Amino acid sequence: MSITAFPVLARIVQERNMTREPAGILSIASAANNDVTAWCLLAVVIAVTKAGSFTGALYVVGLTLLYLVVMFALVRPFLKRVGDVYINKEVINKTFVSFIFLVLVISATITEVLGIHALFGAFIAGVVMPPNTGFRKIMMDKVEDVALVFFLPLFFAYTGLRTEIGLINTPDLWLVCGLLVCVAVLGKLGGCAIAARLVGESRRDSYVIGTLMNTRGLMELVALNIGYEMSVLPPSIFVILVLMALITTFMTTPLLSLEKWLFKQPVLAESGKKKLVLSFGYSLTGVYLLRIYRLLYGDKLKSQQVIAAHYTVGTDLYPETAMQYYEESFVPVEREAFSLGVTLDKRYRVTNSLNHEIIRLSREEDPDMLLLGGGPSFMISKKRKLFSVTSFFTLFRQKIEDIMAHVPGVVAIFVNRNYREEGELFFYIRDEADIFLLNYAEMILKNNSLKLNICYESIVANSIVSQELSRINREFPQRVRLYILKKPFENSPLPEASLLILGYGTCREIAVNQPFFRSLPSLLVIRNKHSITDRHI
(Lines give C-alpha, C1' and ligand atoms only; values in the text may rest on other atoms or scores of the structure.)
Protein backbone atom coordinates (compact mmCIF):
# COMPACT_ATOMS: atom_id res chain seq x y z
CA MET A 1 0.00 0.00 0.00
CA SER A 2 3.04 2.29 0.22
CA ILE A 3 4.00 1.97 -3.46
CA THR A 4 3.84 4.94 -5.83
CA ALA A 5 3.64 4.31 -9.58
CA PHE A 6 6.68 6.31 -10.67
CA PRO A 7 6.05 6.08 -14.47
CA VAL A 8 2.41 7.13 -14.07
CA LEU A 9 3.34 9.99 -11.74
CA ALA A 10 6.07 11.17 -14.12
CA ARG A 11 3.60 11.23 -17.03
CA ILE A 12 1.01 13.15 -15.00
CA VAL A 13 3.62 15.70 -13.92
CA GLN A 14 4.76 16.07 -17.54
CA GLU A 15 1.27 16.44 -19.03
CA ARG A 16 0.19 18.97 -16.39
CA ASN A 17 3.27 21.09 -17.07
CA MET A 18 4.59 20.65 -13.52
CA THR A 19 8.13 19.52 -14.39
CA ARG A 20 9.56 22.87 -13.22
CA GLU A 21 7.25 23.46 -10.28
CA PRO A 22 8.61 22.72 -6.77
CA ALA A 23 5.70 20.35 -6.04
CA GLY A 24 6.31 18.38 -9.26
CA ILE A 25 10.07 18.13 -8.70
CA LEU A 26 9.66 17.06 -5.06
CA SER A 27 7.01 14.49 -5.99
CA ILE A 28 9.25 12.93 -8.66
CA ALA A 29 12.20 12.72 -6.25
CA SER A 30 10.04 11.31 -3.44
CA ALA A 31 8.43 8.73 -5.75
CA ALA A 32 11.84 7.55 -6.96
CA ASN A 33 13.11 7.05 -3.38
CA ASN A 34 9.77 5.57 -2.40
CA ASP A 35 9.86 2.92 -5.13
CA VAL A 36 13.47 1.93 -4.46
CA THR A 37 12.62 1.43 -0.79
CA ALA A 38 9.40 -0.43 -1.62
CA TRP A 39 11.15 -2.84 -4.01
CA CYS A 40 13.86 -3.56 -1.42
CA LEU A 41 11.20 -4.24 1.22
CA LEU A 42 9.34 -6.43 -1.25
CA ALA A 43 12.52 -8.43 -1.89
CA VAL A 44 12.92 -9.02 1.87
CA VAL A 45 9.26 -10.05 2.21
CA ILE A 46 9.61 -12.51 -0.68
CA ALA A 47 12.82 -13.92 0.79
CA VAL A 48 11.18 -14.47 4.21
CA THR A 49 8.08 -16.01 2.62
CA LYS A 50 9.97 -18.41 0.36
CA ALA A 51 12.56 -19.41 2.99
CA GLY A 52 9.89 -20.60 5.40
CA SER A 53 12.10 -20.05 8.46
CA PHE A 54 13.99 -17.21 10.09
CA THR A 55 17.39 -18.87 9.51
CA GLY A 56 16.62 -19.52 5.84
CA ALA A 57 15.44 -15.93 5.44
CA LEU A 58 18.72 -14.59 6.86
CA TYR A 59 20.62 -16.79 4.41
CA VAL A 60 18.61 -15.45 1.44
CA VAL A 61 18.93 -11.84 2.62
CA GLY A 62 22.70 -12.30 3.06
CA LEU A 63 23.11 -13.64 -0.46
CA THR A 64 20.94 -10.81 -1.78
CA LEU A 65 23.16 -8.24 -0.08
CA LEU A 66 26.21 -9.90 -1.64
CA TYR A 67 24.48 -9.75 -5.04
CA LEU A 68 23.81 -6.03 -4.55
CA VAL A 69 27.44 -5.37 -3.63
CA VAL A 70 28.62 -7.11 -6.80
CA MET A 71 26.11 -5.23 -8.98
CA PHE A 72 26.96 -1.78 -7.60
CA ALA A 73 30.69 -2.21 -6.92
CA LEU A 74 31.70 -4.18 -10.01
CA VAL A 75 28.97 -4.31 -12.67
CA ARG A 76 27.93 -0.67 -12.48
CA PRO A 77 31.45 0.83 -13.03
CA PHE A 78 32.04 -1.68 -15.83
CA LEU A 79 28.78 -0.76 -17.59
CA LYS A 80 29.53 2.94 -17.20
CA ARG A 81 32.90 2.51 -18.89
CA VAL A 82 31.38 0.39 -21.68
CA GLY A 83 28.56 2.89 -22.14
CA ASP A 84 31.02 5.82 -22.42
CA VAL A 85 32.88 3.98 -25.18
CA TYR A 86 29.84 2.99 -27.24
CA ILE A 87 27.84 6.19 -26.87
CA ASN A 88 30.51 8.14 -28.78
CA LYS A 89 30.09 5.92 -31.82
CA GLU A 90 27.77 6.97 -34.65
CA VAL A 91 25.98 3.60 -34.67
CA ILE A 92 25.17 1.34 -31.71
CA ASN A 93 25.68 -2.18 -33.04
CA LYS A 94 23.55 -5.19 -32.22
CA THR A 95 26.33 -6.81 -30.18
CA PHE A 96 26.19 -4.03 -27.61
CA VAL A 97 22.39 -4.18 -27.40
CA SER A 98 22.58 -7.97 -27.00
CA PHE A 99 25.11 -7.53 -24.20
CA ILE A 100 22.77 -5.16 -22.32
CA PHE A 101 19.88 -7.61 -22.62
CA LEU A 102 22.18 -10.39 -21.44
CA VAL A 103 23.01 -8.39 -18.29
CA LEU A 104 19.27 -7.96 -17.71
CA VAL A 105 18.50 -11.67 -18.09
CA ILE A 106 21.45 -12.82 -15.94
CA SER A 107 20.53 -10.35 -13.16
CA ALA A 108 16.89 -11.50 -13.18
CA THR A 109 17.92 -15.18 -13.17
CA ILE A 110 20.28 -14.70 -10.20
CA THR A 111 17.58 -13.12 -8.03
CA GLU A 112 15.13 -15.86 -8.96
CA VAL A 113 17.69 -18.52 -7.98
CA LEU A 114 18.44 -16.69 -4.72
CA GLY A 115 14.81 -17.00 -3.71
CA ILE A 116 13.53 -13.52 -4.44
CA HIS A 117 11.64 -12.54 -7.58
CA ALA A 118 13.18 -12.17 -11.06
CA LEU A 119 11.56 -8.75 -11.29
CA PHE A 120 13.85 -7.48 -8.52
CA GLY A 121 16.90 -8.53 -10.57
CA ALA A 122 15.52 -6.74 -13.64
CA PHE A 123 14.91 -3.64 -11.50
CA ILE A 124 18.51 -3.66 -10.17
CA ALA A 125 19.85 -4.18 -13.70
CA GLY A 126 18.05 -1.00 -14.72
CA VAL A 127 19.44 0.89 -11.72
CA VAL A 128 23.08 0.03 -12.52
CA MET A 129 22.82 0.97 -16.20
CA PRO A 130 25.07 3.89 -17.31
CA PRO A 131 23.63 7.28 -16.36
CA ASN A 132 24.58 8.69 -19.76
CA THR A 133 21.47 10.37 -21.21
CA GLY A 134 22.34 9.39 -24.77
CA PHE A 135 22.75 5.75 -23.81
CA ARG A 136 19.43 5.68 -21.97
CA LYS A 137 17.63 7.32 -24.87
CA ILE A 138 19.00 4.73 -27.32
CA MET A 139 17.99 1.83 -25.09
CA MET A 140 14.54 3.32 -24.48
CA ASP A 141 14.05 3.75 -28.22
CA LYS A 142 14.79 0.05 -28.70
CA VAL A 143 12.87 -1.33 -25.73
CA GLU A 144 10.01 0.97 -24.77
CA ASP A 145 7.80 0.63 -27.84
CA VAL A 146 7.81 -3.18 -27.65
CA ALA A 147 7.28 -3.11 -23.89
CA LEU A 148 4.40 -0.61 -24.05
CA VAL A 149 2.67 -1.86 -27.18
CA PHE A 150 3.06 -5.63 -26.71
CA PHE A 151 4.03 -6.73 -23.20
CA LEU A 152 2.17 -4.12 -21.14
CA PRO A 153 -1.28 -4.89 -22.64
CA LEU A 154 -0.60 -8.60 -22.07
CA PHE A 155 0.21 -7.91 -18.43
CA PHE A 156 -2.98 -5.90 -17.92
CA ALA A 157 -5.03 -8.59 -19.65
CA TYR A 158 -3.34 -11.23 -17.48
CA THR A 159 -4.11 -9.24 -14.32
CA GLY A 160 -7.67 -8.58 -15.48
CA LEU A 161 -8.34 -12.29 -16.06
CA ARG A 162 -7.17 -12.97 -12.52
CA THR A 163 -9.37 -10.26 -11.05
CA GLU A 164 -12.76 -11.85 -10.39
CA ILE A 165 -14.98 -9.06 -9.09
CA GLY A 166 -17.61 -11.69 -8.26
CA LEU A 167 -15.43 -12.89 -5.37
CA ILE A 168 -16.45 -9.75 -3.46
CA ASN A 169 -19.93 -11.14 -2.89
CA THR A 170 -20.76 -10.16 0.68
CA PRO A 171 -21.35 -6.83 2.43
CA ASP A 172 -18.42 -7.60 4.73
CA LEU A 173 -16.01 -7.90 1.80
CA TRP A 174 -17.28 -4.65 0.26
CA LEU A 175 -16.82 -3.02 3.67
CA VAL A 176 -13.24 -4.33 3.76
CA CYS A 177 -12.72 -2.97 0.23
CA GLY A 178 -13.96 0.49 1.25
CA LEU A 179 -11.90 0.38 4.42
CA LEU A 180 -8.69 -0.50 2.53
CA VAL A 181 -9.29 2.28 0.01
CA CYS A 182 -9.78 4.79 2.84
CA VAL A 183 -6.67 3.57 4.65
CA ALA A 184 -4.67 3.73 1.41
CA VAL A 185 -5.77 7.31 0.66
CA LEU A 186 -5.35 8.56 4.23
CA GLY A 187 -2.02 6.83 4.65
CA LYS A 188 -0.51 7.94 1.37
CA LEU A 189 -2.21 11.20 0.43
CA GLY A 190 -2.67 12.33 4.01
CA GLY A 191 0.71 11.08 5.19
CA CYS A 192 2.67 12.70 2.37
CA ALA A 193 0.69 15.95 2.57
CA ILE A 194 1.27 16.23 6.33
CA ALA A 195 4.98 15.39 5.93
CA ALA A 196 5.34 18.04 3.22
CA ARG A 197 3.54 20.60 5.38
CA LEU A 198 5.77 19.83 8.38
CA VAL A 199 8.93 20.55 6.37
CA GLY A 200 7.66 23.95 5.23
CA GLU A 201 5.78 23.36 1.98
CA SER A 202 2.69 25.48 1.32
CA ARG A 203 -0.80 24.07 1.82
CA ARG A 204 -1.33 23.95 -1.92
CA ASP A 205 1.98 22.18 -2.66
CA SER A 206 1.46 19.75 0.22
CA TYR A 207 -1.94 18.79 -1.19
CA VAL A 208 -0.47 18.33 -4.70
CA ILE A 209 2.44 16.22 -3.42
CA GLY A 210 0.09 13.99 -1.41
CA THR A 211 -2.24 13.58 -4.39
CA LEU A 212 0.58 12.65 -6.77
CA MET A 213 2.18 10.21 -4.31
CA ASN A 214 -1.19 8.50 -3.89
CA THR A 215 -0.93 7.23 -7.50
CA ARG A 216 -0.24 3.48 -7.43
CA GLY A 217 -0.94 2.21 -10.93
CA LEU A 218 1.26 -0.38 -12.60
CA MET A 219 3.80 -0.81 -9.78
CA GLU A 220 1.05 -1.81 -7.36
CA LEU A 221 -0.34 -4.36 -9.81
CA VAL A 222 3.10 -5.92 -10.23
CA ALA A 223 3.50 -6.30 -6.47
CA LEU A 224 -0.01 -7.75 -6.13
CA ASN A 225 0.63 -10.33 -8.85
CA ILE A 226 3.79 -11.42 -7.06
CA GLY A 227 1.86 -11.79 -3.81
CA TYR A 228 -0.89 -13.72 -5.56
CA GLU A 229 1.57 -16.11 -7.24
CA MET A 230 3.20 -16.83 -3.86
CA SER A 231 -0.24 -17.48 -2.30
CA VAL A 232 0.35 -14.71 0.23
CA LEU A 233 -2.79 -12.95 -0.97
CA PRO A 234 -6.04 -14.94 -1.17
CA PRO A 235 -8.10 -14.30 -4.35
CA SER A 236 -10.68 -12.06 -2.65
CA ILE A 237 -8.04 -9.80 -1.07
CA PHE A 238 -6.17 -9.71 -4.39
CA VAL A 239 -9.32 -8.39 -6.09
CA ILE A 240 -9.86 -5.81 -3.34
CA LEU A 241 -6.29 -4.54 -3.59
CA VAL A 242 -6.49 -4.37 -7.40
CA LEU A 243 -9.60 -2.20 -7.05
CA MET A 244 -7.78 -0.07 -4.49
CA ALA A 245 -4.87 0.41 -6.91
CA LEU A 246 -7.19 1.42 -9.76
CA ILE A 247 -9.30 3.77 -7.62
CA THR A 248 -6.30 5.60 -6.14
CA THR A 249 -4.80 5.98 -9.62
CA PHE A 250 -7.98 7.21 -11.31
CA MET A 251 -8.68 9.75 -8.57
CA THR A 252 -5.37 11.58 -9.07
CA THR A 253 -6.37 13.80 -11.99
CA PRO A 254 -9.77 14.87 -10.55
CA LEU A 255 -8.10 15.70 -7.22
CA LEU A 256 -5.44 17.76 -8.98
CA SER A 257 -8.17 19.62 -10.86
CA LEU A 258 -9.94 20.26 -7.55
CA GLU A 259 -6.79 21.99 -6.30
CA LYS A 260 -7.55 25.01 -8.51
CA TRP A 261 -10.74 25.68 -6.59
CA LEU A 262 -9.47 24.73 -3.14
CA PHE A 263 -6.46 27.02 -3.28
CA LYS A 264 -7.54 29.61 -5.82
CA GLN A 265 -5.61 32.85 -5.48
CA PRO A 266 -7.31 36.16 -6.29
CA VAL A 267 -5.80 37.74 -9.39
CA LEU A 268 -5.46 41.50 -9.26
CA ALA A 269 -5.65 42.97 -12.74
CA GLU A 270 -3.24 45.81 -13.44
CA SER A 271 -4.96 48.96 -14.60
CA GLY A 272 -4.67 49.51 -18.34
CA LYS A 273 -2.53 46.42 -18.89
CA LYS A 274 -3.73 44.14 -21.67
CA LYS A 275 -3.23 40.38 -21.72
CA LEU A 276 -2.12 39.05 -25.11
CA VAL A 277 -1.73 35.34 -25.90
CA LEU A 278 0.11 33.93 -28.90
CA SER A 279 0.09 30.20 -29.65
CA PHE A 280 2.56 28.76 -32.13
CA GLY A 281 3.77 25.37 -33.35
CA TYR A 282 6.77 26.01 -35.60
CA SER A 283 9.30 27.99 -33.54
CA LEU A 284 9.80 30.76 -36.14
CA THR A 285 6.05 31.31 -36.27
CA GLY A 286 6.26 32.63 -32.71
CA VAL A 287 8.59 35.39 -33.98
CA TYR A 288 6.07 36.48 -36.62
CA LEU A 289 3.21 36.46 -34.10
CA LEU A 290 5.20 38.69 -31.75
CA ARG A 291 5.88 41.05 -34.64
CA ILE A 292 2.16 41.21 -35.38
CA TYR A 293 1.55 42.28 -31.77
CA ARG A 294 4.37 44.81 -32.18
CA LEU A 295 2.58 46.14 -35.29
CA LEU A 296 -0.68 46.55 -33.36
CA TYR A 297 0.69 47.97 -30.09
CA GLY A 298 4.02 49.55 -31.03
CA ASP A 299 6.25 50.41 -28.06
CA LYS A 300 3.24 49.97 -25.76
CA LEU A 301 3.74 46.22 -26.17
CA LYS A 302 6.55 46.46 -23.58
CA SER A 303 3.99 47.28 -20.88
CA GLN A 304 1.50 44.54 -21.83
CA GLN A 305 1.37 40.97 -20.49
CA VAL A 306 2.39 38.70 -23.37
CA ILE A 307 1.87 34.93 -22.98
CA ALA A 308 3.62 32.66 -25.48
CA ALA A 309 2.18 29.12 -25.65
CA HIS A 310 3.62 26.10 -27.41
CA TYR A 311 2.17 22.57 -27.36
CA THR A 312 3.82 19.31 -28.35
CA VAL A 313 1.18 16.99 -29.80
CA GLY A 314 1.60 13.36 -28.71
CA THR A 315 2.13 12.22 -25.13
CA ASP A 316 4.52 9.36 -26.02
CA LEU A 317 7.55 11.45 -25.15
CA TYR A 318 10.33 10.94 -22.68
CA PRO A 319 10.51 13.75 -20.09
CA GLU A 320 14.04 14.60 -21.33
CA THR A 321 12.78 14.90 -24.91
CA ALA A 322 9.88 17.08 -23.81
CA MET A 323 12.22 19.41 -21.93
CA GLN A 324 14.46 19.62 -25.00
CA TYR A 325 11.49 20.56 -27.18
CA TYR A 326 10.44 23.12 -24.60
CA GLU A 327 13.83 24.82 -24.52
CA GLU A 328 14.42 24.76 -28.27
CA SER A 329 10.93 25.89 -29.30
CA PHE A 330 11.06 29.15 -27.35
CA VAL A 331 14.58 30.24 -28.38
CA PRO A 332 13.60 32.30 -31.50
CA VAL A 333 10.62 34.03 -29.88
CA GLU A 334 12.64 34.77 -26.73
CA ARG A 335 15.34 36.44 -28.83
CA GLU A 336 12.73 38.51 -30.63
CA ALA A 337 11.09 39.47 -27.32
CA PHE A 338 14.47 40.55 -25.93
CA SER A 339 15.14 42.73 -28.97
CA LEU A 340 11.71 44.35 -28.57
CA GLY A 341 12.06 44.78 -24.80
CA VAL A 342 9.07 42.51 -24.15
CA THR A 343 8.79 40.13 -21.19
CA LEU A 344 7.36 36.75 -22.15
CA ASP A 345 5.30 34.46 -19.95
CA LYS A 346 6.01 31.02 -21.46
CA ARG A 347 3.53 28.17 -21.39
CA TYR A 348 4.33 24.63 -22.55
CA ARG A 349 2.50 21.33 -22.40
CA VAL A 350 2.62 17.89 -23.98
CA THR A 351 -0.89 16.97 -25.08
CA ASN A 352 -2.98 14.80 -27.37
CA SER A 353 -5.63 17.50 -27.83
CA LEU A 354 -4.27 20.75 -29.27
CA ASN A 355 -7.54 22.64 -29.53
CA HIS A 356 -8.55 21.63 -25.99
CA GLU A 357 -5.34 23.15 -24.61
CA ILE A 358 -5.80 26.38 -26.59
CA ILE A 359 -9.40 26.68 -25.38
CA ARG A 360 -8.41 25.87 -21.79
CA LEU A 361 -5.63 28.49 -21.83
CA SER A 362 -7.98 31.11 -23.26
CA ARG A 363 -10.64 30.43 -20.63
CA GLU A 364 -8.14 30.53 -17.78
CA GLU A 365 -6.37 33.71 -18.92
CA ASP A 366 -9.30 35.54 -20.59
CA PRO A 367 -6.93 37.46 -22.91
CA ASP A 368 -7.70 40.61 -24.84
CA MET A 369 -6.56 38.75 -27.94
CA LEU A 370 -5.66 35.18 -28.81
CA LEU A 371 -3.31 35.08 -31.80
CA LEU A 372 -2.75 31.76 -33.59
CA GLY A 373 -0.10 30.90 -36.13
CA GLY A 374 -1.21 29.49 -39.44
CA GLY A 375 0.34 28.34 -42.69
CA PRO A 376 0.04 29.65 -46.23
CA SER A 377 -3.40 28.31 -47.19
CA PHE A 378 -7.01 27.90 -46.16
CA MET A 379 -8.91 24.77 -47.21
CA ILE A 380 -12.58 25.10 -47.97
CA SER A 381 -15.35 22.56 -47.71
CA LYS A 382 -17.98 23.88 -50.15
CA LYS A 383 -20.57 21.57 -48.69
CA ARG A 384 -20.36 23.14 -45.23
CA LYS A 385 -18.65 26.42 -46.19
CA LEU A 386 -16.00 26.09 -43.54
CA PHE A 387 -12.26 26.63 -43.67
CA SER A 388 -9.14 25.66 -41.80
CA VAL A 389 -5.53 26.68 -41.53
CA THR A 390 -2.84 24.17 -42.46
CA SER A 391 0.85 24.34 -41.60
CA PHE A 392 3.46 22.81 -39.34
CA PHE A 393 1.16 24.16 -36.64
CA THR A 394 -1.91 22.34 -37.92
CA LEU A 395 -5.39 23.62 -37.18
CA PHE A 396 -7.92 21.39 -38.91
CA ARG A 397 -11.37 22.65 -39.75
CA GLN A 398 -12.92 21.07 -36.66
CA LYS A 399 -10.25 22.62 -34.45
CA ILE A 400 -10.93 26.09 -35.80
CA GLU A 401 -14.64 25.56 -35.18
CA ASP A 402 -13.98 24.46 -31.61
CA ILE A 403 -11.77 27.44 -30.86
CA MET A 404 -14.16 29.96 -32.40
CA ALA A 405 -17.14 28.37 -30.64
CA HIS A 406 -15.57 28.11 -27.18
CA VAL A 407 -13.29 31.14 -26.93
CA PRO A 408 -15.43 34.21 -26.18
CA GLY A 409 -12.75 36.84 -26.74
CA VAL A 410 -10.98 38.20 -29.79
CA VAL A 411 -9.33 35.48 -31.87
CA ALA A 412 -6.89 36.24 -34.68
CA ILE A 413 -5.14 33.92 -37.14
CA PHE A 414 -1.95 34.98 -38.88
CA VAL A 415 -1.43 33.31 -42.25
CA ASN A 416 2.18 33.76 -43.31
CA ARG A 417 2.83 34.15 -47.03
CA ASN A 418 6.32 35.64 -47.01
CA TYR A 419 5.33 38.48 -44.69
CA ARG A 420 7.58 41.55 -44.85
CA GLU A 421 7.38 44.23 -42.18
CA GLU A 422 8.48 46.95 -44.60
CA GLY A 423 5.69 46.20 -47.12
CA GLU A 424 2.31 47.88 -47.64
CA LEU A 425 -0.41 47.29 -45.05
CA PHE A 426 -4.03 46.86 -46.23
CA PHE A 427 -7.39 46.64 -44.43
CA TYR A 428 -10.44 45.25 -46.18
CA ILE A 429 -13.98 46.26 -45.06
CA ARG A 430 -16.62 44.18 -46.84
CA ASP A 431 -19.71 45.25 -44.90
CA GLU A 432 -20.79 46.95 -41.68
CA ALA A 433 -19.98 43.82 -39.64
CA ASP A 434 -16.29 44.57 -40.33
CA ILE A 435 -16.39 48.05 -38.80
CA PHE A 436 -14.57 46.74 -35.72
CA LEU A 437 -11.43 46.46 -37.87
CA LEU A 438 -11.20 50.25 -37.91
CA ASN A 439 -10.33 50.12 -34.20
CA TYR A 440 -7.22 48.12 -35.11
CA ALA A 441 -6.44 50.55 -37.92
CA GLU A 442 -6.49 53.40 -35.38
CA MET A 443 -4.29 51.40 -33.01
CA ILE A 444 -1.67 50.90 -35.71
CA LEU A 445 -1.77 54.57 -36.72
CA LYS A 446 -1.40 55.73 -33.11
CA ASN A 447 1.35 53.29 -32.18
CA ASN A 448 3.39 53.45 -35.39
CA SER A 449 4.38 55.90 -38.11
CA LEU A 450 3.08 53.62 -40.85
CA LYS A 451 0.75 54.49 -43.69
CA LEU A 452 -2.40 52.41 -44.19
CA ASN A 453 -4.48 51.42 -47.18
CA ILE A 454 -8.15 50.81 -46.41
CA CYS A 455 -10.31 49.16 -49.05
CA TYR A 456 -14.08 49.07 -48.60
CA GLU A 457 -17.02 47.92 -50.69
CA SER A 458 -19.20 50.48 -52.41
CA ILE A 459 -22.27 49.05 -50.63
CA VAL A 460 -21.07 50.65 -47.36
CA ALA A 461 -19.99 53.93 -48.95
CA ASN A 462 -22.91 55.88 -47.42
CA SER A 463 -23.07 54.08 -44.08
CA ILE A 464 -21.48 54.52 -40.67
CA VAL A 465 -18.37 52.86 -42.07
CA SER A 466 -17.89 55.79 -44.44
CA GLN A 467 -18.30 58.25 -41.54
CA GLU A 468 -15.69 56.45 -39.44
CA LEU A 469 -13.29 56.35 -42.38
CA SER A 470 -13.67 60.08 -42.88
CA ARG A 471 -12.95 60.71 -39.20
CA ILE A 472 -9.82 58.55 -39.28
CA ASN A 473 -8.67 60.30 -42.47
CA ARG A 474 -9.05 63.69 -40.79
CA GLU A 475 -7.30 62.55 -37.59
CA PHE A 476 -4.34 61.07 -39.47
CA PRO A 477 -3.91 63.20 -42.62
CA GLN A 478 -1.59 61.97 -45.35
CA ARG A 479 -1.32 58.58 -43.66
CA VAL A 480 -4.49 56.85 -44.88
CA ARG A 481 -5.36 55.95 -48.47
CA LEU A 482 -8.95 54.93 -49.15
CA TYR A 483 -10.16 52.71 -52.00
CA ILE A 484 -13.83 52.24 -52.87
CA LEU A 485 -14.34 48.87 -54.55
CA LYS A 486 -17.28 47.50 -56.55
CA LYS A 487 -15.93 43.95 -56.23
CA PRO A 488 -13.46 42.44 -53.78
CA PHE A 489 -10.10 44.19 -54.32
CA GLU A 490 -11.05 45.42 -57.78
CA ASN A 491 -8.79 48.35 -58.84
CA SER A 492 -6.79 48.20 -55.58
CA PRO A 493 -2.96 48.00 -55.59
CA LEU A 494 -3.10 44.75 -53.60
CA PRO A 495 -0.05 43.14 -55.27
CA GLU A 496 2.06 45.68 -53.36
CA ALA A 497 0.64 44.52 -50.02
CA SER A 498 2.68 42.68 -47.42
CA LEU A 499 -0.18 42.12 -44.99
CA LEU A 500 -3.95 42.13 -45.44
CA ILE A 501 -6.16 42.47 -42.35
CA LEU A 502 -9.76 41.33 -42.66
CA GLY A 503 -12.64 39.88 -40.63
CA TYR A 504 -13.21 36.19 -39.96
CA GLY A 505 -16.61 36.12 -41.67
CA THR A 506 -15.34 38.04 -44.67
CA CYS A 507 -12.40 35.68 -44.99
CA ARG A 508 -14.72 32.68 -45.12
CA GLU A 509 -16.78 34.25 -47.89
CA ILE A 510 -13.77 35.22 -49.99
CA ALA A 511 -11.99 31.91 -49.47
CA VAL A 512 -14.67 30.05 -51.44
CA ASN A 513 -12.88 31.33 -54.55
CA GLN A 514 -9.68 29.37 -53.97
CA PRO A 515 -7.58 30.59 -56.96
CA PHE A 516 -8.26 34.21 -56.00
CA PHE A 517 -7.76 33.53 -52.30
CA ARG A 518 -4.38 31.90 -52.86
CA SER A 519 -3.23 35.02 -54.71
CA LEU A 520 -3.67 37.19 -51.61
CA PRO A 521 -0.67 38.26 -49.48
CA SER A 522 -0.10 37.35 -45.81
CA LEU A 523 -3.32 37.58 -43.82
CA LEU A 524 -4.35 38.61 -40.35
CA VAL A 525 -7.87 37.23 -39.89
CA ILE A 526 -9.67 38.65 -36.84
CA ARG A 527 -12.86 37.38 -35.20
CA ASN A 528 -14.40 40.11 -33.05
CA LYS A 529 -15.14 39.51 -29.38
CA HIS A 530 -18.89 39.83 -29.67
CA SER A 531 -19.41 37.79 -32.84
CA ILE A 532 -18.95 34.17 -31.70
CA THR A 533 -22.11 33.07 -33.50
CA ASP A 534 -21.87 35.52 -36.39
CA ARG A 535 -21.78 33.58 -39.64
CA HIS A 536 -20.86 30.49 -37.62
CA ILE A 537 -22.55 27.15 -38.26
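Atom set for the values below is all heavy atoms of this structure, side chains included, hydrogens, waters and symmetry mates excluded. Remember, predicted model here, so these are calculated numbers, not experimental data.
With contacts defined as side-chain heavy-atom distances shorter than 4.5 Å, the pair Leu255/Glu259 does not qualify. Looking only at side-chain heavy atoms (C-beta outward), Val306 and Thr343 stay at 4.5 Å or farther from each other. Between Ile307 and Lys275 the shortest side-chain heavy-atom distance falls below 4.5 Å. Between Ser202 and Tyr207 there is no side-chain heavy-atom pair separated by less than 4.5 Å. Side-chain contact between Leu114 and Ile110 is present, with heavy atoms from C-beta onward closer than 4.5 Å. Contact check for Met1 versus Met244: side-chain heavy atoms found under the 4.5 Å cut-off. A heavy-atom distance below 4.5 Å is found between the side chains of Leu256 and Ile12. Residues His117 and Met230 form no side-chain contact, since every pair of their non-hydrogen atoms from C-beta on lies 4.5 Å or further apart.
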Take Leu370 and Ile403 through the side chain to side chain contact (heavy atoms under 4.5 Å, CB included) test and state the conclusion after the steps. CA-CA 10 Å; Leu370 167 64; Ile403 292 171; 4.3 Å; yes
Could you please spell out the steps behind the side chain to side chain contact (heavy atoms under 4.5 Å, CB included) verdict for Leu243 and Ile165? CA-CA 9 Å; Leu243 290 176; Ile165 302 295; 3.8 Å; yes
Could you walk me through whether Thr64 and Phe120 pass the side chain to side chain contact (heavy atoms under 4.5 Å, CB included) test, one step at a time? CA-CA 10 Å; Thr64 303; Phe120 184 74; 4.2 Å; yes
Stepwise side chain to side chain contact (heavy atoms under 4.5 Å, CB included) test for Leu218 and Leu152: CA-CA 9 Å; Leu218 178 62; Leu152 192 61; 3.7 Å; yes
From CA spacing to verdict: ring-ring contact (aromatic ring centres under 6.0 Å, His included), Phe280, Phe330: CA-CA 10 Å; Phe280 65 94; Phe330 283 96; 5.6 Å; yes
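Of the listed residues (Glu357, His310, Glu365), just one forms a side-chain hydrogen bond (donor to acceptor under 3.5 Å, both in side chains) with Arg347, and that residue is Glu365.
Crowding of Phe250 atom CZ: a count of heavy atoms from other residues, nucleotides or ligands under 6.0 Å not exceeding 12. Within 6.0 Å of CZ on Phe78 lie no more than 12 heavy atoms contributed by other residues, nucleotides or ligands. Within 6.0 Å of the CZ atom in Arg360, the count of heavy atoms belonging to other residues, nucleotides or ligands exceeds 12. Other residues, nucleotides and ligands contribute more than 12 heavy atoms inside 6.0 Å of the CZ atom of Phe156.
Taking all atoms of both residues into account, the shortest heavy-atom contact from Met251 to Pro254 is O-CD, 3.4 Å. Heavy-atom minimum distance, Ser236 versus Leu167: N-CD1, 4.1 Å. The nearest pair of heavy atoms linking Leu361 to Tyr311 is CD2-OH, 3.4 Å. Nearest heavy atom pair, residue Ala47 against residue Ile116, reads CB-CG2, 3.8 Å. The shortest heavy-atom contact between Ile168 and Trp174 is O-NE1, 3.0 Å. Here the closest non-hydrogen pair linking Leu289 and Ser279 is CD1-O, 3.5 Å.
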Expected list for residues 177-191: side-chain donor-acceptor pairs under 3.5 angstrom, two or more places apart:
{"unit_1": "Lys188", "atom_1": "NZ", "unit_2": "Ser2", "atom_2": "O", "d": "2.4"}
{"unit_1": "Lys188", "atom_1": "NZ", "unit_2": "Thr4", "atom_2": "OG1", "d": "3.1"}
{"unit_1": "Lys188", "atom_1": "NZ", "unit_2": "Asn34", "atom_2": "OD1", "d": "2.9"}

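In this structure, the side chain of Ser107 does not engage the main chain of Leu104 through any donor-acceptor pair within 3.5 Å. Looking only at distances, a side-chain donor or acceptor of Gln304 sits under 3.5 Å from a matching main-chain atom of Lys274. Side-chain atoms of Asn214 never come within 3.5 Å of backbone atoms of Gly210 as a donor-acceptor pair (strictly under, hydrogens ignored).
Using a 4.0 Å cut-off between a side-chain N of Lys or Arg and a carboxylate O of Asp or Glu, Arg162 and Glu229 qualify as a salt bridge. By the 4.0 Å N-to-carboxylate-O rule, Glu336 lies too far from Arg294 to be salt-bridged with it.
Checked by atom type, the side-chain pair Thr285/Asn416 shows no donor-acceptor distance below 3.5 Å.
If you take CG on Leu9 and CZ on Arg216, they are separated by 12.0 Å, rounding to the nearest 0.5 Å. Rounding to the nearest 0.5 Å gives a distance of 9.0 Å between CZ of Phe155 and OH of Tyr158. Atom OG1 of residue Thr159 and atom CG of residue Leu246 lie 9.5 Å apart, to the nearest 0.5 angstrom. Considering CG of Leu63 and OG1 of Thr111, their distance stands at 12.5 Å, rounded to 0.5 Å. To the nearest 0.5 angstrom, Arg76 atom CZ is 10.5 Å from Met71 atom CE. One finds the CG atom of Leu371 at 9.0 Å from the CG atom of Leu276 (value rounded to the nearest 0.5 Å).
Figure legend: cation-pi geometry between Arg291 and Tyr288, with NZ or CZ positioned under 6.0 Å from the six-membered ring centre and within 45° of its axis.
Within the structure, salt bridge (charged side-chain N to carboxylate O under 4.0 Å, His left out) contacts touching residues 110-131 (residues at least two apart or in different chains) are Lys50-Glu112.
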